[in-house]
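In the text below, chain A, chain B and the rest are named by the order of the sequence lines, each starting its count at 1.
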Amino acid sequence: MDSIGDKPVRVRFAPSPTGYLHVGGARTALYNFLVARKAKLNGDEKASFILRIEDTDAERNRPEWTEGIISSLKWLGIDWDEGPYFQSQRSDLYAKAADFLFNSGNAYWCSCTREDVDSRTKGSATPGYDRYCRERGVAKSQNSVLRFKVPLNGSTTVNDLVRGAVNVENKNIEDFVIQKSDGSPLFVLANVVDDIDLSINLVIRGEEHLPNTFKMALIFDALRALYSNSEATDSPTYAHLPLLVNEKRQKLSKRRDRVAVEDFKEQGFLPQAMINYLALLGWGPGDDREFMSLDELTELFELEKVNKAPAFFDEKKLRHFNGVYIRNLSDEVFSELSMPFFDKAGLRFDLEKWKIMVSVVKERVETLDDVPKMVDFLFLESVEIDENSKAKVLNQEKSAEILFLARESFGKATWDTDVLKNQMLAICEKLDLKLGKAQAPVRLAITGRLIGPPLFEALVALGRDATIRRLTSALEWFK
RNA sequence: GGCCCCAUCGUCUAGUGGCCUAGGACAUCACCCUCUCAAGGUGGAGGCACGGGUUCGAAUCCCGUUGGGGCUGCCA
């Protein structure tokens, strides 16, 4: 989508600050961002990506959630051109629209309580509001809500870039509430008013909003006269994105699923990997490419190629992507990015030791959170020996000899990976063992585990004194 | 229940009537490489939900069935 007709593309991401930014929201934001960016790339210089905070529900909104959403977007590298606009600061607009809808006969006051409606419609074939107050001429009061007067006949069609034309009979749309009894607008009203006011011409959002879209189209038509002097007389184009679902194929939920973007940051995922993976959930470039930078995504992304079916957010694949992105980092950057994770692990960190390990660790982790776990033994006074591994080593023949000979030769060897390896090779020859077998007891003594980073780099980083000490204490196992 | 959406390997996808004996990636299995573990390499298993049409020809178009999901709030 290069442009909407001849007008500059104006898209928006409109989160509600009732929780952190989750991956589904992040993907929606990303697609909006890519569309605007691509439009600019193709010469639509005024294309704009707008951030709008939908905080009309005073009960649930918290400023700290807004902060969280904004910082998550920034972390991901998703930047907006305009805003953030806050709906809570634009009440006049919605009140004016609500008044207009009432005065033009498109809305009416309703004093029914939830219980009233439920008792009347119990057992009815058409649940939902029964239009009870539609012609009663109820006056505005502290207990009344404003409802939209949905046409009884005809049908409403929404043109969707992803799904094509979607149609619903108006009689199946209930007379929905557009303004609460406290005077604040509901989502459908505020959303339409702002889209008009901000001249949004392309709405990209999650599929859960598809049913709302019919109501919005109705509101839009009814409001046309109010805004007849403005440019926004054409309804925006819509693109409803397939939902992101959990393993049970249900919509990702903030309460049920652990999907906060900030959590992924905490766990040591890289924003570039997140972006790349998220972009692929519901879209593909058409060939077999999977790894793409933001610039490449911008160039290749096409809303029209977005899938219709829901996509499972697979953390396994995300981890794989993250590992690839980590391995592509320079040692310097990787080392730098690891620092906060060492802090978090609370180890007695030593930069000189770490420097020796950087490149070999980089090849072996999938998240930055894995980093301290892999080299913790370097920063501990003594290591905790894994019991299962110890049992294996004790069962293995010649373990004691290996440890004894290693301590002897390491005591006087030049402290260098190649030298140490050759020393071990000599021991192997003497005991008629393969290095793979012989290194195990030493590794356990030094790191406490049987798996870990390459042994000789680890020894060099640990230092001679600590190495000898750990070998000596391992020798105690055999007494 | 009603309205709406959706349906290619376990997962994400390529595929837009013949190039499909359905391609790639993650996960999985085997082997190779190897100081353990990774990474890398090679190979394997694994899919067009089902039933009808349309057509010389369908994963691709149409209808139905089944299955899944979303919405159904004075939330967004």
Using the [atom1] atom as the point on both nucleotides, what is the distance between [M] and [N], in whole Å?
N: B/C62; M: B/C5; atom1: P; answer: 13 Å
N: B/G46; M: B/A22; atom1: C1'; answer: 13 Å
N: B/G47; M: B/G52; atom1: C1'; answer: 22 Å
N: B/G51; M: B/A58; atom1: C1'; answer: 15 Å
N: B/G41; M: B/A27; atom1: P; answer: 13 Å
N: B/U28; M: B/U34; atom1: C1'; answer: 22 Å
N: B/U11; M: B/A45; atom1: C1'; answer: 16 Å
N: B/G10; M: B/A49; atom1: P; answer: 11 Å

Checklist entry - Do we get A/R90 above A/Y85's six-membered ring, with its NZ or CZ under 6.0 Å from the centre and within 45° of the axis? => result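 Verdict for A/Y85: a cation-pi partner in A/R90.
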Next on the checklist: Taking the cut-offs as 6.0 angstrom to the six-membered ring centre and 45 degrees off its axis, would you call A/R120 and A/Y132 a cation-pi pair?
Outcome noted: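 Pair A/R120/A/Y132 counts as cation-pi.
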Item to check | Spacing of CZ belonging to A/F334 relative to CZ belonging to A/R327, to within rounding of 0.5 Å | outcome: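 The CZ atom of A/F334 sits 11.0 Å away from the CZ atom of A/R327.
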Checklist entry - Can you tell me how far CZ of A/R258 sits from NE2 of A/H22, rounded to the nearest 0.5 angstrom? => result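 Those atoms lie 15.0 Å apart.
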Compare the minimum distances between each of [options] and the side chain of [X], then state the nucleotide with the smallest one.
X: A/K308; options: B/A7, B/G73, B/C26; answer: B/A7
X: A/P454; options: B/C35, B/A7, B/G70; answer: B/C35
X: A/R114; options: B/G73, B/C5, B/C12; answer: B/G73
X: A/K180; options: B/A76, B/C75, B/C4; answer: B/C75
X: A/L243; options: B/A27, B/G69, B/C71; answer: B/G69
X: A/Q250; options: B/C6, B/G70, B/U11; answer: B/G70
X: A/V166; options: B/G69, B/A27, B/C4; answer: B/C4
X: A/D314; options: B/C75, B/G23, B/U11; answer: B/U11
X: A/V145; options: B/C12, B/C4, B/C74; answer: B/C74
X: A/I451; options: B/C37, B/C6, B/C26; answer: B/C37

Taking only side-chain N and O atoms of [X], does any of them lie within less than 4.0 angstrom of OP1 or OP2 on [N]?
X: A/R449; N: B/U36; result: no
X: A/K421; N: B/C35; result: yes
X: A/N307; N: B/A14; result: yes
X: A/K305; N: B/U13; result: no
X: A/K251; N: B/C71; result: yes
X: A/T56; N: B/A76; result: yes
X: A/R60; N: B/C74; result: no

Please classify the nucleic acid contact of [X] as base, sugar-phosphate, or nothing, using heavy-atom distances under 4.0 Å.
X: A/L455; answer: base
X: A/D370; answer: nothing
X: A/R327; answer: sugar-phosphate
X: A/R289; answer: nothing
X: A/R443; answer: base
X: A/N212; answer: base
X: A/T18; answer: nothing
X: A/V177; answer: sugar-phosphate
X: A/H240; answer: nothing
X: A/L186; answer: sugar-phosphate
X: A/P285; answer: nothing
X: A/G323; answer: nothing
X: A/A309; answer: sugar-phosphate
X: A/F214; answer: nothing

Next on the checklist: Is the ring pair A/F301/A/Y31 parallel, tilted or perpendicular, if the boundaries are 30 and 60 degrees?
Outcome noted: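 Tilted, since the angle between the ring planes falls between 30° and 60°.
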Checklist entry - Nearest nucleotide by nearest heavy atom, which residue falls closer to the 5' end of RNA chain B, A/K215 or A/G452? => result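 The residue mapped nearer the 5' terminus is A/G452.
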Next on the checklist: Please compare A/L450 and A/E290 by the position of their nearest nucleotide in RNA chain B and report the one closer to 5'.
Outcome noted: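 Taking each residue's closest nucleotide, the earlier one in sequence belongs to A/E290.
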Checklist entry - Is any side-chain heavy atom of A/F269 closer than 4.5 Å to a side-chain heavy atom of A/R319? => result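 Yes; the side chains approach each other to less than 4.5 Å.
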Next on the checklist: Could you tell me if the side chain of A/F176 sits less than 4.5 Å from the side chain of A/R147, heavy atoms only?
Outcome noted: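 No, side chains not in contact.
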Complementary nucleotide of [N], counting Watson-Crick and G-U pairs under 3.5 Å:
N: B/C19; answer: none
N: B/U42; answer: B/A30
N: B/C61; answer: B/G53
N: B/C3; answer: B/G70

Checklist entry - Run the side chain to side chain contact (heavy atoms under 4.5 Å, CB included) check on A/R163 and A/E207 step by step: do they pass? => result CA-CA 10 Å; A/R163 274 145 230 286; A/E207 195 198 337; 3.7 Å; yes
Checklist entry - Going by modelled atom types, is there a donor-acceptor pair between the base of B/C37 and the side chain of A/R364 at under 3.5 Å? => result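 Counting by modelled atom types and ignoring angles, a donor-acceptor contact under 3.5 Å is found here.
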Checklist entry - Could a donor-acceptor pair under 3.5 angstrom be found where the side chain of A/K317 meets the base of B/A25? => result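 Check passes, donor-acceptor contact within cut-off.
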Next on the checklist: Under a plain distance cut-off of 3.5 Å, with no hydrogens placed, do A/Y325 and A/N276 share a side-chain donor-acceptor pair?
Outcome noted: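 Checked: A/N276/A/Y325 side chains pair up, N/O donor to acceptor below 3.5 Å.
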